[in-house]
Amino acid sequence: MHTGPARVVGTPLTVLALVVAVFALVLGGAGAASAHAGLSGSDPADGAVLKAVPQYVTLTFTESVSFSDDSLRVLSPENERVNPRPARHVDGKDNTARVELSGKLPQGTYTVAWRVVSADGHPISGAFVFSNGKPSETAAVVATGSPDDTAVGRLYGVFRYVAYSGLALLVGAAAFVLVCWPAAATIRPVRRLLALGWVALAASTVALLLLRGPYETAGQLTSAFDPAQLGRTVTGRPGGALVVRLVLLAAAAVSLRWLARRTTDRTGLGARVRPAGALLASALAVTWAAAEHASAGIQVALAMPVAVLHLLAMGVWLGGLITLLLLLRRRGSDGQEIPASAIGRFSALAFGAVAVLVATGVYQSWRQVGSWEALSTTSYGKTLLVKIAAVVLVLCAASFSRRWTARLGHEAPPATATATVTLTPAVSAPERVRVAQGVGAPTPATGQELGSAAEAPVGDGPGDTTEAPPFEADAYRRGLRRMVTVEAVLGVVVLVITTVLTGTQPSRAAGERVATASAAEPQAQVVTVPFDMGTANHQGTVQITLTPGRVGENTVEAVVYTPDGGLATVPELRLTLTQDALGIGPLDAKLKNLKGYWAAYDLRLPMPGVWTLNITVRTTDIDQVTVRDTVRITSLPR
């Protein structure tokens, strides 16, 4: 029943106000960061052997991270937790995590297990060891697999697929109704498709919200219903985005119900509702962009709207294809067979959607991959290549669809011939019905309606019909239906690959992580110094290796060589270091004879700069020589 202009205008304005508020809420929480953070350093370092137990264990990451109470655990050799309090950021730096250790701890090897959430919403984890006093056996066992390779992780991934599928169906079917054919809102399969998209997206969003807590903390599936954990989830950015999505879906349900009640007054309906529908769909897409790769990395301000456009274009194209396929399979027994003009509108809409997909996809590929080499050397790049191949197949299928549409038009009788035409409820005045452009890109119309014979004047009522010679319209219609089916199936494949990409570490972030790890790896400073062995023309060499050659604790190894390059055995070897510019030293390395070479594992250098090595080699019981050289000690990496 028509309720008057006030409600027709009021509901879209209400939706617009709600969506604007949601945009402000979601975008207000989006910050700049890098995707998939990595561990860049720790104190104590991995494998370090300390004289005394440290007061704290501190981890530093490449970018900002968030964590729960159990994100950082320090385990004793007996597998007992020795950090009584949860982790905290160090001095407000959001790329750090620190825990305080218990007072007196026995000697042995301790295990540090960590699991944090990077800025793009994906959990990362790892473990390392350090020793107090001396290394020992340890009973601590920690998980070393991928955070997604768990029961909760796999279930979370399944519902992410369902969420993307629901968005595509909801956005695509709604766009087809509002832009291409408003009368489709009265057709039961289309209404069911809209309902299916809404239910799939709503149900998957609820499931993701419940699973988010155990997914981040590696908890059990049963902990999904823990109120405390759910409370922590909704206060985080990924959980908050899911809550906002549920609010938007409630608004979408009200809008769809409102739209269904006004199918008896379709004139101008799409134009009145279209702006609110577009903004509502955009807000739904923002709930993905604000909590995944687009919200982290470089150029966040540009990447966010590009990701929104990419998602919307995907939904309009894929969901619209599925809607068109349903309508093409109908026989139109209720007098509502899809008109050619509707296919023409979708053809133009699909062409625009594909153009947006390509443009935004190119930008996202550059942003996430970073280099040509990464396409073949990283998981993200290899998956992206598979997606590109699938998109090429989709475009090929779309070109065949256009050919079937063109053949349908070319086989039509001349325009002077008469034809039998059924008036659809969507036509309210005399018009000429035209064959639409092909699916995927516009092509010149050639003047006929699917299921009719040729372009002809349409009368004022369903009884105005004339006779025309038959032609093979049904055969071409079946060919078009088959190609649209192939295109839709390939589109689903592209959607699946896209979902996989959103859960894969971007190549650019992976490269940064490798570079950071390489910079953090111990780098040796090697100095070779000649010395007189005490006999004529016999000059040996002593090779000093400092690892990592930076400020802090270093390992020193010294090897003495004979003139012919063989190993030399000497009674004593001493090494001291001084920094004359600052008046520091001499610092005794306290080298120990390890039967073949001399070593020390706890030399601490307090300052960067050029240090002088004073090497004393005793070759006999009464002969010794002291030689000098310099080495540059660098500061710790930031």
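Residue indices begin at 1 and follow the sequence shown.
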Quiz item: Would you say T323 and L194 make side-chain contact, with heavy atoms under 4.5 Å?
Solution: no
Quiz prompt | Check against side-chain contact (heavy atoms from CB on, under 4.5 Å), V179 and F346 | solution = CA-CA 8 Å; V179 178; F346 178 72; over 6 Å; no
Quiz item: Going by heavy atoms in the side chains, are R154 and V158 under 4.5 Å from each other?
Solution: no
Quiz prompt | Point-to-point distance, once rounded to the nearest 0.5 Å, from CG of L248 to OG1 of T287 | solution = 6.5 Å
Quiz prompt | Intermediate values then yes/no, ring-ring contact (aromatic ring centres under 6.0 Å, His included), Y164 and W288 | solution = CA-CA 9 Å; Y164 275 110; W288 269 274; 5.5 Å; yes
Practice problem: List the atom of L193, the atom of A173, and the distance in Å for their closest heavy-atom pair. | Solution: CD2-CB, 4.1 Å
Exercise. Could you tell me whether the side chain of L169 reaches within less than 4.5 Å of the side chain of L318, counting heavy atoms only?
Key: no
Quiz item: So do the side chains of F176 and V190 get within less than 4.5 Å of each other, counting heavy atoms only?
Solution: no
Quiz item: Closest approach of W181 and A342, non-hydrogen atoms and distance?
Solution: CB-CB, 3.7 Å
Exercise. Evaluate the side-chain contact (heavy atoms from CB on, under 4.5 Å) criterion for residues L209 and V234: first the C-alpha distance (whole Å), next the side-chain angles of each, then the deciding distance (0.1 Å), finally the verdict.
Key: CA-CA 8 Å; L209 187 61; V234 298; 4.1 Å; yes
Quiz prompt | Taking every non-hydrogen atom, the tightest pair across S255 and L280 | solution = OG-CD2, 4.4 Å
Quiz item: Which heavy atom in A301 sits nearest to a heavy atom in P305, and how many Å separate them?
Solution: O-CD, 3.1 Å
Quiz prompt | R274 side chain to L178 backbone, donor-acceptor under 3.5 Å | solution = yes
Quiz prompt | Heavy-atom closest pair, residues E216 and P238 | solution = OE2-CG, 4.4 Å
Quiz item: Does W198 reach the main-chain N or O of L249 with its side chain, forming a donor-acceptor pair under 3.5 Å?
Solution: yes
Quiz item: Nearest 0.5 Å, what's the CE-OG1 distance between M314 and T360?
Solution: 10.5 Å
Quiz item: Does a side-chain heavy-atom distance below 4.5 Å link R212 with V117?
Solution: yes
Quiz item: Taking the six-membered ring for Trp, are Y215 and Y156 parallel (under 30°), tilted (30 to 60°) or perpendicular (over 60°)?
Solution: parallel
Quiz item: Nearest 0.5 Å, what's the CD1-CZ distance between I187 and R192?
Solution: 12.5 Å
Self-check item: Approximate separation, where rounding is to 0.5 Å, of Q364 CD and L309 CG
Solution: 9.5 Å
Quiz prompt | Side chain to side chain, L327 and I343, heavy atoms closer than 4.5 Å | solution = no
Exercise. Kindly determine whether L312 and L284 satisfy side-chain contact (heavy atoms from CB on, under 4.5 Å), including the steps that lead there.
Key: CA-CA 9 Å; L312 291 179; L284 281 171; over 6 Å; no
Quiz prompt | Straight-line distance of F159 CZ to L208 CG, nearest 0.5 Å | solution = 7.5 Å
Practice problem: List the steps and the verdict of side-chain contact (heavy atoms from CB on, under 4.5 Å) for L211 and L221. | Solution: CA-CA 7 Å; L211 292 172; L221 184 59; 3.4 Å; yes
Quiz item: Heavy-atom distance under 4.5 Å between the side chains of V206 and L210, does that happen here?
Solution: yes
Exercise. Compare all side-chain heavy atoms of F225 with those of L230 and state whether any distance is below 4.5 angstrom.
Key: no
Quiz item: Considering all heavy atoms of both residues, which atom of V308 and which atom of S282 are nearest to each other, and what is their separation?
Solution: CG1-O, 3.9 Å
Quiz item: Rounded to the nearest 0.5 Å, what separation is found between the CG atom of L201 and the CG atom of L167?
Solution: 6.0 Å
